[in-house]
**Student:** 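Below you will find the structure I want to go over with you.
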Amino acid sequence: MKARHILTSLLLAAMSIALPAQNLKKSVTWDNFNANPAPLPQIGQLNIHHSSIDMDSWWSVGVETLDRDFADFSKYKEYIGQTGVGYARLQSGWAKTEQVKGQYDFAWIDRHVDGLRGNGLKPWICLCYGNPIYSEHGFDLNAKLFPDGPVMDGWLNYVKATVSHFKGRVPMYEIWNEPDGSGLDSYGLYANLCVRTAKVIHEVDPDAKIAAFGICSPDRPYIRQALAAMKELGGIELIDYITYHTYWKHPETSAAAIEALREDAKTYSPRIELLQGESGCPGQLEYGHAMSFIEWTEYSQVKWDLRHMLTDFSLGIPSSVFTMVDLNYGWMLQSFGLIRMNLKSQPIYKRPKFYGVQHMTSVITGDMRPAPVAVKTASVRPVSSVGLAKEGRTVGVMLWFGDGKPGDGLERTAVDLTIAGADIKDPVYVDMITGKVHDLGSIIAPGGSVASAETAVTGVMPHEAVEIPQGSMSFRGLPLWDAPVLIMGRADLDASWNDAAPEGGPVPFADPFILCEKGKYYLYGTHSADGIGVLESDDMVHWHNVGDTLCLALHRKDAVAERWFWAPEVYKVGRRYVMYFSNDEHICAATSSSPTGPFVVADHKPMRDERGIDNTLYIEKGQTPRIFWVRFDHGNVIWSAELEKDMTTIREDTKRFCIRTDQEWELADPAVNEGPFILKHGGYYYLTYSGNCTPSQMYGIGYATSKSLDGPWEKYEGNPIFQNPGDLVGVGHHSFFKDAKGVDRIVFHSHYSHQQFSPRTTAISTYHFEPDPAGGPDILVISPDYVRCVMD
């Protein structure tokens, strides 16, 4: 026992070390994505890969316009490596570097190049734009092209100095940015500029890769005309890549133009490859720059970017995301950034696009290759797909509705679907926006194809005819939407799983409830995809399974539906035990003769036909038993009603509204008051609840008081009374209990860590009441000194 307590003390001490907090605001859109997951049991979360200078990668991110001070690199460089991309594109800034002819000051761009490398990214530089100190020669030198002469001589001297300075630190140079923006008849000027610049780069650094164009769109005849001119000038063999930009509102439609460009480029030089050098989606309706006057939101933005990344990957083309942060052009602040910025060039919050890119780079690593798969479905909407191959084996498939511009909706469509040509064992489902990993066991069809239609789409691009390998798997009701989801084998996925409770680790129960009976404690919580689990303890710190494995106090076969088993509470009523819980977003009640079950829902019916969650029981001598629960009415709103003597039937005529979100602290995230629990003290009823949305780190606990269970309820002005104690974030969905010695205690969940939401873990503290100096009801106080529950 002593050794165990020493180990526990060390574990709890380690847990109390606070991890660095992000000093950014929360994104409401991001939390809405998390609050509307796929309707499948969540069993894990993708692990995020940090950028590494030694890794190969398909992905790049834009850190453009630093040469014109449209963003402040120092304000956001700490976040770049968190994206997991391998490369970053930035402009060279001739005008910023050479302000006196022949004198080059690279200090400003050194900070950016070294900052990128220090964060694990390999920088590639776009050599572009003119220099006003050469304006006496009569050229508009903003982004215009120029012929041979004094300006060209100055330019080539600058290129030579730049490549010499960065030799060994910068692996690739791109020659100019969107030259077709100078006019579609300028291809001759560009060809000359490109060839002369490429020769200088090659002479100074023969190992450097050279990219041409940065063209506005891959379907421009400008490229073919310039390539022909470059070949005549004898410089075509110096070019390694053609870079193109694709700001098309329906991203998949660019595939045909890209494939055609690749075929044409090979006719000029077999060694030329393609690279998507700059493309992204705004997060709002823009009035300038790319994809303007289209109603974008942060919902459609992340869907577009992920679909665009997959379109490029499906063609085997490296891809760069525009851009790391919103850029301030003076006359407008763009909304293309992975991070939203303010007018002071300060980060405000990470957009969903940021997290989506993180998940894409963590799954599609440099050793992945696109692979053909066949998808058969009876869906009225065609399903886009691309296989993911590793070491010659197709280990995963990305699927999405790619038949139009991405929308803002969070709803998914259940699709019967068969995938052929993938060697996927023990498949799981991954939402590529949120990174949530879900169990597929309940919808895998045993053998054969479930789809009656022919293949809706094989890939997202016009592949040549390929032989699809044998082997298939089928699903009934696979949730799909207009954003990518991944089907992948569990063993091939780098994820943290929440379906295990390892010895010595934190208890992975959310929405916890503790029943104390005869000196023994029973802990119930949201955890399993198969029902409601229960753990036992003698000391409230060390918890163990009932039997050899995790015992399900309630199994899904004895419930109402086969998904979403949340927020259980168990009470002894007479000689039986009653469990109140949520199942498939309906409030339910089940009964058993034992606190460890099995609990069974009579007739497999919920307590109410209307959707609802988080039901809690309140019993008081002389009062009719009450149930409090959450209804969905423009947010999560708490109501109450009386129960019949059977303790499972609601008296509908007694329904009463209690509280909804109306305090400022509750409005940091979507409108949520949930997880109610009732206490009585000093003649007042205390309706305690959790505010904000559970994925939010600002999730916390407040309360309202009333003289009557019928209300009205008045919220305490000092709310929240419990929020982010110690090293915990996202604390809430609690319940109160007295321990075996009569001590008043509270059990609650928190996020796994500052960086990881799931699995949520269980902790216990104490509470008491203090007099209100203003003469109101006594103040409920929860001690910030808590103990995290651990598996024994």
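Position 1 is the first residue of the sequence; numbering continues from there.
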**Student:** Who pairs with Ser594 by side-chain hydrogen bond (donor to acceptor under 3.5 Å, both in side chains), at least two apart in sequence or on another chain?
**Tutor:**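 If we apply the side-chain hydrogen bond (donor to acceptor under 3.5 Å, both in side chains) test to Ser594, skipping adjacent residues, the hits are Thr596.
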
**Student:** Before you tell me yes or no, could you show the steps for Lys680 and Glu620 under salt bridge (charged side-chain N to carboxylate O under 4.0 Å, His left out), namely the whole-Å CA-CA distance, both residues' side-chain angles and the distance that decides it to 0.1 Å?
**Tutor:** CA-CA 9 Å; Lys680 189 176 183 182; Glu620 181 181 2; 2.6 Å; yes

**Student:** Measure the CG-OG1 distance between Asn692 and Thr661 for me, rounded to the nearest 0.5 Å.
**Tutor:**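 Going from the CG atom of Asn692 to the OG1 atom of Thr661 covers 9.0 Å.
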
**Student:** Any heavy-atom pair between the side chains of Asp710 and Ser640 that's under 4.5 Å?
**Tutor:**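 Contact flag for Ser640/Asp710 side chains = no.
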
**Student:** Counting C-beta onward and ignoring hydrogens, is there a side-chain heavy-atom pair between Ile779 and Pro773 closer than 4.5 Å?
**Tutor:**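 With C-beta onward as the side chain, the pair touches.
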
**Student:** For Asp778 and Gly682, indicate whether the former's side chain and the latter's backbone hold a donor-acceptor pair under 3.5 Å.
**Tutor:**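 Not confirmed, Asp778 side chain does not pair with Gly682 backbone.
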
**Student:** Provide the full list of ring-ring contact (aromatic ring centres under 6.0 Å, His included) pairs with a residue in residues 574-609, sequence neighbours left out, each pair given once.
**Tutor:**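 Checked against ring-ring contact (aromatic ring centres under 6.0 Å, His included) - neighbours excluded - no pair reaches residues 574-609.
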
**Student:** Indicate yes or no: at least one non-hydrogen side-chain atom of Leu40 is less than 4.5 angstrom from one of Leu440.
**Tutor:**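 Yes, their side chains come closer than 4.5 Å.
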
**Student:** Could you walk me through whether Cys658 and Phe628 pass side chain to side chain contact (heavy atoms under 4.5 Å, CB included), step by step?
**Tutor:** CA-CA 9 Å; Cys658 298; Phe628 290 75; 3.9 Å; yes

**Student:** Applying side chain to side chain contact (heavy atoms under 4.5 Å, CB included), name anything that partners Asn719, two or more places apart in sequence or on another chain.
**Tutor:**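 Counting only residues at least two positions away or on another chain, Asn719 forms a side chain to side chain contact (heavy atoms under 4.5 Å, CB included) with Gln663, Trp665, Tyr689, Tyr703, Lys715, Tyr716, Ile721.
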
**Student:** Using ring centroids (six-membered ring only for Trp), state whether Phe513 and Tyr522 fall under 6.0 Å.
**Tutor:**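 No, they do not, as the ring centres are separated by 6.0 Å or more.
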
**Student:** Mind checking whether Thr688 and Leu780 have side chains closer than 4.5 Å, heavy atoms only?
**Tutor:**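 When only atoms from C-beta onward are counted, Leu780 and Thr688 do touch, with a gap below 4.5 Å.
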
**Student:** Please answer whether the main-chain N or O of Ala567 pairs with a side-chain N or O of Thr526 as donor and acceptor at a distance below 3.5 Å.
**Tutor:**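 Present.
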
**Student:** Would you check if the side chain of Ser27 reaches a backbone N or O of Tyr349 as a donor-acceptor pair within less than 3.5 Å?
**Tutor:**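 Here the side-chain-to-backbone pair does not exist.
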
**Student:** In terms of the angle between their ring planes, are Trp566 and Trp564 parallel, tilted or perpendicular, with boundaries placed at 30° and 60°?
**Tutor:**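 Ring orientation of Trp566 relative to Trp564: parallel.
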
**Student:** Any side-chain heavy atom of Leu410 sitting closer than 4.5 Å to one from Phe33?
**Tutor:**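 They are in side-chain contact.
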
**Student:** Evaluate whether atom CD of Glu664 has more than 12 neighbouring non-hydrogen atoms of other residues, nucleotides or ligands under 6.0 angstrom away.
**Tutor:**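 Open.
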
**Student:** Between Asp539 (side chain only) and His542 (backbone N and O only), is there a donor and an acceptor less than 3.5 Å apart?
**Tutor:**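 Yes, the answer is positive, given that a donor and an acceptor are paired below the 3.5 Å cut-off.
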
**Student:** Is it the case that the side chains of Arg788 and Thr761 hold a donor-acceptor pair, with the cut-off being a distance below 3.5 Å and no angle test?
**Tutor:**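 Distance-only check passes for Thr761 and Arg788.
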
**Student:** Between Asp431 and His438, does any side-chain donor sit less than 3.5 Å from a side-chain acceptor?
**Tutor:**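 Per modelled atom types, Asp431 and His438 side chains form no pair under 3.5 Å.
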
**Student:** Which residues satisfy the salt bridge (charged side-chain N to carboxylate O under 4.0 Å, His left out) test with Asp408, sequence neighbours excluded?
**Tutor:**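 None.
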
**Student:** With a cut-off of under 6.0 Å to the ring centre and 45° to the axis, is Lys707 in cation-pi contact with Tyr684?
**Tutor:**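 Flagged: Lys707 positioned over aromatic ring of Tyr684.
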
**Student:** Could you walk me through whether Thr29 and Arg351 pass the side chain to side chain contact (heavy atoms under 4.5 Å, CB included) test, one step at a time?
**Tutor:** CA-CA 8 Å; Thr29 311; Arg351 287 192 171 98; over 6 Å; no

**Student:** Ignoring hydrogens and angles, state whether a donor on the side chain of Tyr618 or Arg626 is under 3.5 Å from an acceptor on the partner side chain.
**Tutor:**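 Per modelled atom types, Tyr618 and Arg626 side chains form no pair under 3.5 Å.
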
**Student:** Check side chain to side chain contact (heavy atoms under 4.5 Å, CB included) between Arg631 and all other residues, then give those that pass, not counting sequence neighbours.
**Tutor:**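 Residues passing side chain to side chain contact (heavy atoms under 4.5 Å, CB included) with Arg631: Arg608, Glu610, Trp629, Trp639, Lys655.
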
**Student:** Do the side chains of Trp481 and Thr413 get nearer than 4.5 Å, heavy atoms only?
**Tutor:**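 The answer is no; the side chains never approach within 4.5 Å.
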
**Student:** Is there a side chain to side chain contact (heavy atoms under 4.5 Å, CB included) between Ile532 and Leu552? Walk through the geometry before answering.
**Tutor:** CA-CA 5 Å; Ile532 300 294; Leu552 288 178; over 6 Å; no

**Student:** Hey, are the side chains of Cys789 and Val541 touching, using non-hydrogen atoms and a 4.5 Å cut-off?
**Tutor:**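 Cys789 does not reach Val541 side chain to side chain.
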
**Student:** Report yes or no: do Thr616 and Asp614 form a side-chain donor-acceptor pair below 3.5 Å?
**Tutor:**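 The criterion, which ignores hydrogens and geometry beyond distance, is not satisfied for Asp614 and Thr616.
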
**Student:** Would a distance-only check, ignoring hydrogens and angles, find a side-chain to backbone donor-acceptor pair under 3.5 Å from Asn636 to Phe632?
**Tutor:**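 No; judged by distance alone, with no hydrogens or angles, the pair does not exist.
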
**Student:** Test of understanding: with salt bridge (charged side-chain N to carboxylate O under 4.0 Å, His left out), list the residues that count as partners of Asp744, not counting sequence neighbours.
**Tutor:**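 For Asp744 the salt bridge (charged side-chain N to carboxylate O under 4.0 Å, His left out) partners, ignoring immediate neighbours, are Lys738.
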
**Student:** For the side chain of Glu666 and the backbone of Asp662, is there at least one donor-acceptor N/O pair under 3.5 Å apart?
**Tutor:**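 Confirmed, Glu666 side chain pairs with Asp662 backbone.
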
**Student:** Please identify each residue that fulfils side-chain hydrogen bond (donor to acceptor under 3.5 Å, both in side chains) with Glu562, with sequence neighbours left out.
**Tutor:**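 Result, side-chain hydrogen bond (donor to acceptor under 3.5 Å, both in side chains) vs Glu562: none returned.
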
**Student:** Taking side chain to side chain contact (heavy atoms under 4.5 Å, CB included) as the criterion, tell me which of Ile764, Val534, Thr762 meets it with Leu523.
**Tutor:**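 Single side chain to side chain contact (heavy atoms under 4.5 Å, CB included) partner of Leu523 among Ile764, Val534, Thr762: Thr762.
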
**Student:** Test of understanding: with salt bridge (charged side-chain N to carboxylate O under 4.0 Å, His left out), list the residues that count as partners of Asp646, not counting sequence neighbours.
**Tutor:**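 Applying salt bridge (charged side-chain N to carboxylate O under 4.0 Å, His left out) to Asp646 gives none.
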
**Student:** Can you pull out every ring-ring contact (aromatic ring centres under 6.0 Å, His included) where at least one residue sits in residues 723-753? Sequence neighbours excluded, please.
**Tutor:**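 Sorted pair list: Phe677-Phe736, Tyr699-His749, Phe722-Phe748, His734-Phe736, Phe736-Tyr767, His751-Phe757.
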
**Student:** Starting at CD1 of Ile638, measure out to CD of Glu674 and round the result to the nearest 0.5 Å.
**Tutor:**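 Going from the CD1 atom of Ile638 to the CD atom of Glu674 covers 8.0 Å.
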
**Student:** Looking only at side-chain N and O atoms, does Thr694 offer a donor or acceptor that is under 3.5 Å from a partner on Arg760?
**Tutor:**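 Yes, side-chain donor-acceptor contact under 3.5 Å.
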
**Student:** With sequence neighbours left out, what residues match Asp558 under side-chain hydrogen bond (donor to acceptor under 3.5 Å, both in side chains)?
**Tutor:**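 Applying side-chain hydrogen bond (donor to acceptor under 3.5 Å, both in side chains) to Asp558 gives none.
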
**Student:** Roughly how far apart are Asn34 CG and Cys693 SG, rounded to 0.5 Å?
**Tutor:**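 SG of Cys693 is found 7.5 Å from CG of Asn34.
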
**Student:** For the OG1 atom of Thr649 and the CG atom of Leu643, what is their distance to the nearest 0.5 Å?
**Tutor:**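 The OG1 atom of Thr649 sits 8.0 Å away from the CG atom of Leu643.
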
**Student:** Give a yes or no answer on whether the side chain of Ser735 reaches the backbone of Pro512 with a donor-acceptor pair at less than 3.5 Å.
**Tutor:**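 A pair under 3.5 Å: yes.
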
**Student:** Check salt bridge (charged side-chain N to carboxylate O under 4.0 Å, His left out) between Arg576 and all other residues, then give those that pass, not counting sequence neighbours.
**Tutor:**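 Counting only residues at least two positions away or on another chain, Arg576 forms no salt bridge (charged side-chain N to carboxylate O under 4.0 Å, His left out).
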
**Student:** Kindly indicate whether the side chain of Gln45, heavy atoms from C-beta on, has any atom under 4.5 Å from the side chain of Lys436.
**Tutor:**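 Contact flag for Gln45/Lys436 side chains = yes.
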
**Student:** List in chain and number order the residues that pass side-chain hydrogen bond (donor to acceptor under 3.5 Å, both in side chains) with Glu714, two or more places apart in sequence or in another chain; answer none if no residue qualifies.
**Tutor:**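 Testing Glu714 for side-chain hydrogen bond (donor to acceptor under 3.5 Å, both in side chains), a comparison that skips the adjacent residues, returns none.
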
**Student:** Once rounded to the nearest 0.5 Å, what's the spacing between atom CD of Glu642 and atom OG1 of Thr654?
**Tutor:**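 Answer rounded to 0.5 Å: 4.5 Å.
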
**Student:** Would you find a donor on one side and an acceptor on the other, under 3.5 Å apart, between the side chain of Asn583 and the backbone of Ala561?
**Tutor:**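 Yes, because the side chain of Asn583 sits within donor-acceptor range (under 3.5 Å) of the backbone of Ala561.
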
**Student:** When you measure from the side chain of Gln42 to the backbone N and O of Gly44, does any donor-acceptor pair fall under 3.5 Å?
**Tutor:**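 Flag set: sc Gln42 to bb Gly44 pair under 3.5 Å.
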
**Student:** Would you confirm whether Thr766, through its side chain, and Arg745, through its main-chain N or O, come within 3.5 Å as a donor-acceptor pair?
**Tutor:**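 Between the backbone of Arg745 and the side chain of Thr766 there is no qualifying donor-acceptor contact (under 3.5 Å).
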
**Student:** After noting the C-alpha distance and the side-chain angles of Tyr685 and Thr705, does the key distance pass the side chain to side chain contact (heavy atoms under 4.5 Å, CB included) rule?
**Tutor:** CA-CA 5 Å; Tyr685 296 97; Thr705 57; over 6 Å; no

